[in-house]
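Heads up: the structure comes next, in C-alpha cells.
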2 protein chains.
Amino acid sequence: MARPSTVVRVHRAVLDLVREVGVDGLTMEGLAAAAGTGKQTLYRSWSSPLHVLFDALLASSTADDGRVEVPDSGDLARDLRTLVDGIVDELTEPAGDALMRDVLTRLQVHPELSAELQQRLLGPQTAAIAERFRRAGVVDPEQVTELLLGPLFHRWLLRTGPFTDGWVRSHVELVLRAAG
Amino acid sequence: MARPSTVVRVHRAVLDLVREVGVDGLTMEGLAAAAGTGKQTLYRSWSSPLHVLFDALLASSTADDGRVEVPDSGDLARDLRTLVDGIVDELTEPAGDALMRDVLTRLQVHPELSAELQQRLLGPQTAAIAERFRRAGVVDPEQVTELLLGPLFHRWLLRTGPFTDGWVRSHVELVLRAAG
DNA sequence: CCTCAAACGAGACGACGCGTCTCGTTTGAG
DNA sequence: CTCAAACGAGACGCGTCGTCTCGTTTGAGG
C-alpha cells in the first residue's frame with residue numbers, strides 16, 4: 001500500500017518527533033509536516049499517532065535483532081541473575097525508559113496493538129525463558145517464568161520501587177526456591 | 001475551593017458519563033454539560049477529564065470502606081487462596097473490569113496521580129498482605145507480597161492469560177514454596 | 001435579616017487537531 | 001512510453017481546547 005521510502009521517512013520522523021513533544025504531543029498533522037508527507041498518506045497506513053509510533057518502535061526493535069539471548073551456562077541461579085540484570089538494564093535505560101513505559105501503558109487500550117506486541121516480542125521472549133527453566137528440570141516452566149517476570153513489570157510499570165542489586169538477587173532467590 | 005455539592009454532582013456525572021462514552025470519550029465540555037456546571041468550575045479543581053474520573057473513583061472506593069480484609073484463619077495457604085480469589089473476582093468483575101484497567105493504565109502517565117493511588121489504595125493493601133506474611137513467620141514479607149501480586153497484575157494488565165481456578169491454585173502454591 | 005466576597009452557570013472566543021476531500025504531481029512496473 | 005496507484009499539499013467543517021468575561025447564587029460574619 002505505502003511506498004517503502006515513505007514508511008522509512010515516517011518512522012524516522014515519529015521517533016525524532018516523540019523525543020521533542022512526547023507521546024501525547026504527537027499529532028497526525030505534526031507527523032505529516034515532520035515527515036514531509038500528506039495527511040492522507042498517513043491515514044492510508046495508520047489510524048492514530050500511537051499506531052505510527054508503535055509501528056516504528058516495533059520495526060526498529062525487530063530490525064536490530066529482536067532475538068532473545070537467555071544465558072545457559074548450566075548454573076541456573078547465575079543465568080537468572082544475568083538475565084534479570086539484562087532486563088533491568090533495558091527497563092532503566094534513561095534514554096528509552098520513559099518512552100517505553102508510556103507506549104506500553106497506552107497500548108493496553110488498543111487490544112489489536114497489544115496482541116501484536118505480545119505475539120511479536122513478549123511471547124517469544126517469555127517462551128525462551130520458559131524453555132531455559134524446562135531444560136533445568138523445572139516442573140511448571142511457564143508459571144515460574146511468570147513468577148520471575150511479573151514482579152519485574154509490576155515494579156517497573158507501577159513504579160513501586162527501584163531495581164537495586166539486592167532486590168534483584170533476593171527476587172531471583174525466591175523464584176528459584178519456588179521452582180524447587 | 002469547590003462547593004461540596006458541586007463536587008458530588010461532578011463525581012456522579014463523570015461516573016455516569018464514562019459508562020456511555022468510555023474514558024477517551026470524556027471531555028471537559030461534555031462533563032460540564034452533564035454535571036450542569038460551567039467549564040471554569042471544572043478547571044478550578046481538575047486539570048483534565050482523567051483527573052476528574054480518578055478523583056471520583058478514589059472518592060467512591062474510599063467511601064464504601066476501602067479497608068483491606070486479609071483473612072487470617074491461621075492456615076496461610078487457605079487464607080492466600082481466599083485472598084487471591086477475592087482479588088481475581090474484583091479484577092474480572094464484568095462491570096468495572098475494563099474501566100479499572102483503562103484508568104489504571106492511563107494513570108501511569110501522570111506521576112502525581114499514580115503516586116496518590118499508590119499512597120491511598122495500593123500501599124495500604126500490600127502492607128496489609130505483607131503483615132499477614134510476617135505473622136506467619138515469612139522472612140521477607142514485602143518481597144513475597146510482590147511475588148504474589150506481581151504476576152496477578154501482569155496477567156491482568158497485559159492480558160497474558162485468564163484467571164482459571166487452576167492457575168490461582170498453583171500460583172499460590174509457588175509463592176508458598178518461595179516463602180519457605 | 002443584611003451584606004458582600006467567593007464560588008458559580010453560562011457561554012463567547014481564537015487556536016488547533018481532527019478526519020475527509022480534492023487536485024495536480026511523481027513514480028515505477030509492464 | 002504509458003498509465004494507474006501512490007503521493008504532497010492543503011482547504012474544509014467540526015469539535016474540543018483552555019481562557020475570558022458577565023451576571024447570578026450562596027452562605028458565613030456582622
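A quick note: this is a predicted structure, and the numbers were derived from the prediction, not measured. Each chain gets a letter, A, B and so on, in the order the sequences are listed, and its residues count up from 1.
Nucleotide C:dG17 holds its C1' atom 11 Å from the CE atom of A:M28, rounded to whole Å. The distance between atom CD of A:E29 and atom P of D:dG13, rounded to the nearest whole Å, is 15 Å. Separating the CH2 atom of B:W46 from the C1' atom of D:dT19 is a distance of 19 Å, rounded to the nearest angstrom. Between the C1' atom of D:dG18 and the CG atom of B:L26 lies a distance of 17 Å, rounded to the nearest Å. As rounded to whole Å, 15 Å separates atom C1' of D:dG18 from atom NE2 of B:H51. A:L31 has its CG atom 16 Å from the C1' atom of D:dA9, to the nearest Å. One interatomic measurement links the two molecules: CD of A:Q40 to P of D:dA5, which rounds to 15 Å at whole-angstrom precision. As rounded to whole Å, 13 Å separates atom C1' of C:dG17 from atom CG of A:L42.
The 5' end of DNA chain D is approached more closely, in terms of each residue's nearest nucleotide, by A:T37 than by the other of B:G25 and A:T37.
Nearest to the side-chain atoms of A:R9 among the listed nucleotides D:dC7, D:dC17, D:dT19 stands D:dC7. Between C:dA10, D:dC7, C:dT22, one nucleotide has an atom nearer to the side chain of A:T6 than all others, and that is D:dC7. Taking every side-chain heavy atom of A:T41 into account, D:dC7 is the closest of C:dG9, D:dG18, D:dC7. Here C:dT20 is the nucleotide among C:dG17, C:dT20, D:dC20 with the atom lying nearest to any side-chain atom of A:K39.
Pairing of C:dT20, defined by two Watson-Crick or G-U wobble distances under 3.5 Å, is identified with D:dA11. The partner of C:dT26 is D:dA5, by the rule that a Watson-Crick or G-U pair needs both atom distances under 3.5 Å.
Residues A:L104 and A:L117 meet the side-chain proximity criterion, which asks for heavy atoms closer than 4.5 Å.
Comment: A:D85 does not engage A:R81 in a salt bridge, judged by the lack of any side-chain N to carboxylate O separation of less than 4.0 angstrom. Here A:D16 does not pair with A:R12 in a salt bridge; the nearest charged N to carboxylate O distance is not below 4.0 Å. We find that A:E173 and A:R169 are not joined by a salt bridge, their nearest charged nitrogen and carboxylate oxygen being 4.0 Å or further apart.
Side-chain contact check for B:E90 and B:W156: no donor-acceptor pair (N or O, by modelled atom type) lies under 3.5 Å.
Using cut-offs of 30° and 60° for the angle between ring planes, the B:H11 and B:W46 rings count as tilted.
When heavy atoms are screened at a 4.0 angstrom cut-off, B:G30 is found touching no nucleic acid atom at all.
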From CA spacing to verdict: salt bridge (Lys or Arg N to Asp or Glu O under 4.0 Å), A:D102, A:R106 | CA-CA 6 Å; A:D102 272 20; A:R106 271 176 253 259; 3.0 Å; yes
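Of the side-chain N and O atoms in A:R44, none sit less than 4.0 angstrom from OP1 or OP2 of D:dA6.
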Which protein N or O atoms sit under 3.5 Å from an N or O of nucleotides 23-30 of chain C?
none

